[in-house]
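Notes follow once the structure below has been shown.
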Amino acid sequence: MEKKLKVGILGGTGMVGQRFISLLENHPWFEVTVIAASPRSAGKTYEEAVGGRWKMTTPMPEAVKNIVVMNVNVVEKVAKEVDFVFSAVDMTKEEIKKIEEDYAKTETPVVSNNSAHRWTPDVPMVVPEINPEHMQVIEYQRKRLGTTRGFVAVKPNCSIQSYAPVLTAWKEFEPTEVVATTYQAISGAGKTFQDWPEMVGNIIPYIGGEEEKSEKEPLRIWGKIENGVIVPAASPVITCQCVRVPVLNGHTAAVFVKFAKKATKEELIEKLVSFRGVPQELSLPSAPKQFIQYLEEDNRPQVSMDVDYENGMGVSVGRLREDTVYDWKFIGLSHNTVRGAAGGAILCAELLKAQGYITAKEG
């Protein structure tokens, strides 16, 4: 068996960093060897640095407990120890942009969960089943950065995972207009009910920046590479409302769609359940066997029953029916911190390895 690639987690003490660490336990290709965080955590063991703030339902992996946390700002030192890094740092957008490019310039690939680089024109923003070809823009990014190995790749916002794959499966029917309302879990804000008790029995009808991301990011995913940059698609037109709800994990979307071409319910469902991408063809370690499942029951998908479908990497769809104003409407559900965050980034890294963009460093 070839040696596992050495991985660093930037921002490893936060909720998404913890999710990376729990999902990478026993990963067949990747091994967490470095955890970097803010200067206040540096020098402590990972167990000490996290203290009582371990937010996963599974225990902290034994293999990481005694890793001494490094200062994320000491870029050269961290980069020397790893083949590539996952980024989940908690900083301002400008600081994130700079530190991720600084790591890339040390010839260390960066696979980011952050939003900072999602609109950098030569940075691929990828859902591996939908737009794996966007990774080709890395060659242009490397020219800009002056690197041979280093680059930044990102995954999109967690909220779009419950409907963008569905619309992709239906692209031959040409969706023209989409109205989506997302009901988003509190873990998307890095919280549990212990640290956000005011969310119990509550709904907050606003999540900063989320509606714009939910409307624009799918169009970038459906875009094309032209002259070394990704040019977003022009349609469909998407309008969104994003609501925070008292659920720990799982973003649900209620979606209305208008199509240019007529489709039957049977055709739409068939396109969903047969939708496959490169991760399924390559059997990547984190890839769901079936990306999208369709549930016939009127009361599905439900967070409590369906959020962990395909280990949290699949999308559940139900209640597909004709609409009186739009053509069709449906409910979608995805796991926001697995498929929507760390798991989606890990699948991107697996794709990048399979495509030859991430390799072991020499020596």
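These numbers were taken from a predicted model, which means no experiment stands behind them.
- Taking Ile, Leu, Val, Met, Phe, Trp and Tyr as members and joining any whose side-chain heavy atoms lie under 4.5 Å apart, directly or through other members, the hydrophobic cluster of V200 also contains I186, F193, W196, M199, I204, L248.
- With hydrogens and angles ignored, the 3.5 Å screen pairs no side-chain donor or acceptor of R300 with any backbone N or O of S316.
- Under 4.0 Å is where a charged nitrogen must lie from a carboxylate oxygen, and between K65 and E62 at least one such pair does.
- Expressed to the nearest 0.5 Å, how far CZ of F256 lies from NZ of K329 amounts to 5.5 Å.
- E94 and T92 form no side-chain donor-acceptor contact under 3.5 Å, judged by distance and modelled atom types alone.
- With values rounded to the nearest 0.5 angstrom, D83 atom CG is found 10.0 Å from E362 atom CD.
- Hydrophobic clustering keeps I35 apart from M91 (ILVMFWY residues linked when any side-chain heavy atoms are closer than 4.5 Å, directly or through intermediates).
- K143 forms a cation-pi arrangement with Y140, by the criterion of a distance under 6.0 Å to the ring centre and an angle within 45° of the ring axis.
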For K191 and E198, run salt bridge (Lys or Arg N to Asp or Glu O under 4.0 Å): C-alpha distance rounded to whole Å, both residues' side-chain angles, the deciding distance at 0.1 Å, then the answer.
CA-CA 11 Å; K191 307 279 195 195; E198 54 271 40; over 6 Å; no
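- Looking only at distances, a side-chain donor or acceptor of E310 sits under 3.5 Å from a matching main-chain atom of K289.
- Heavy-atom neighbours of E76 CD from other residues, nucleotides or ligands within 6.0 Å: at or below the threshold of 12.
- Between the side chain of K55 and the main chain of T192, no donor-acceptor pair closer than 3.5 Å is present.
- Clustering ILVMFWY residues whenever any of their side-chain heavy atoms sit less than 4.5 angstrom apart, transitively, puts V315 in a cluster other than the one holding Y309.
- Residue-environment remark: CG (D298) stays at or below the threshold of 12 foreign heavy atoms within 6.0 Å.
- Looking at R244, its side chain does come within 3.5 Å of a backbone N or O of A185 through a donor-acceptor pair.
- Heavy atoms of other residues, nucleotides or ligands lying less than 6.0 angstrom from CZ of R118 number more than 12.
- The local environment of CG in D195 is crowded, with over 12 non-hydrogen atoms from other residues, nucleotides or ligands closer than 6.0 Å.
- The number of heavy atoms from other shown groups lying within 6.0 Å of OH (Y326) is above 12.
- Shown here are the salt bridge (Lys or Arg N to Asp or Glu O under 4.0 Å) partners of D308, two or more places apart in sequence or in another chain: there are none.
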Would E139 and R142 count as a salt bridge (Lys or Arg N to Asp or Glu O under 4.0 Å) here? Give the steps.
CA-CA 5 Å; E139 298 307 334; R142 282 172 169 164; 3.7 Å; yes
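- The distance from the SG atom of C242 to the CD atom of E211 is 5.0 Å, given to the nearest 0.5 Å.
- When the side chains of ILVMFWY residues are joined at heavy-atom separations under 4.5 Å, either directly or via intervening members, L10 and V7 end up in two distinct hydrophobic clusters.
- Within the 3.5 Å criterion, the main-chain N or O of G277 finds a donor-acceptor partner in the side chain of Q280.
- With hydrogens and angles disregarded, a donor-acceptor distance shorter than 3.5 Å links the side chain of Q290 to the backbone of I292.
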What verdict does the ring pair (Phe, Tyr, Trp, His ring centres under 6.0 Å) test give for F330 and W170, after you've listed the backbone C-alpha separation in whole Å, the side-chain angles of each residue and the deciding distance to 0.1 Å?
CA-CA 13 Å; F330 69 91; W170 292 341; 5.4 Å; yes
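- In this structure, T176 contributes its side chain and K258 its backbone to a donor-acceptor pair below 3.5 Å.
- Note that NZ of K97 and OG1 of T120 are 4.5 Å apart. Values are rounded to the nearest 0.5 Å.
- The stretch residues 37-87 participates, sequence neighbours left out, in these ring pair (Phe, Tyr, Trp, His ring centres under 6.0 Å) pairs: F20-F86, F30-F84, F84-F86.
- In this structure, CG on L351 lies 7.5 Å from CG on L282, to the nearest 0.5 angstrom.
- Under 3.5 Å, the side chains of R339 and S334 contain no donor-acceptor pair of N or O atoms.
- A salt bridge between R144 and E101 is present, with a side-chain N of the basic residue lying under 4.0 Å from a carboxylate O of the acidic one.
- No side-chain heavy atom of H251 sits under 4.5 Å from any side-chain heavy atom of N157.
- Proximity of L219 to P236: side-chain heavy atoms (C-beta onward) are separated by under 4.5 Å at one or more points.
- V89 and M125 fall within a single hydrophobic cluster, where Ile, Leu, Val, Met, Phe, Trp and Tyr side chains are chained together by heavy-atom contacts under 4.5 Å.
- Environment of CD in Q355: crowded, with over 12 heavy atoms of neighbouring residues, nucleotides or ligands closer than 6.0 Å.
- No donor-acceptor distance shorter than 3.5 angstrom exists from the side chain of K6 to the backbone of K361, with no hydrogens or angles considered.
- Within the model, atoms CZ of R40 and CG of N71 stand 11.5 Å from one another, a figure rounded to the nearest 0.5 Å.
- Side-chain atoms of F259 and E172, non-hydrogen and from C-beta on, never get closer than 4.5 Å to each other.
- Remark: D102 CG is packed, more than 12 non-hydrogen atoms of other residues, nucleotides or ligands lying under 6.0 Å away.
- Proximity of L347 to P279: side-chain heavy atoms (C-beta onward) are separated by under 4.5 Å at one or more points.
- Hydrophobic clustering of Ile, Leu, Val, Met, Phe, Trp and Tyr side chains at less than 4.5 Å, counting indirect connections, unites L284 with M135.
- Ion pairing between a basic and an acidic side chain is recognised when a charged N comes within 4.0 Å of a carboxylate O; K98 and E95 show no such pairing.
- Heavy atoms of other residues, nucleotides or ligands lying less than 6.0 angstrom from NZ of K171 number 12 at most.
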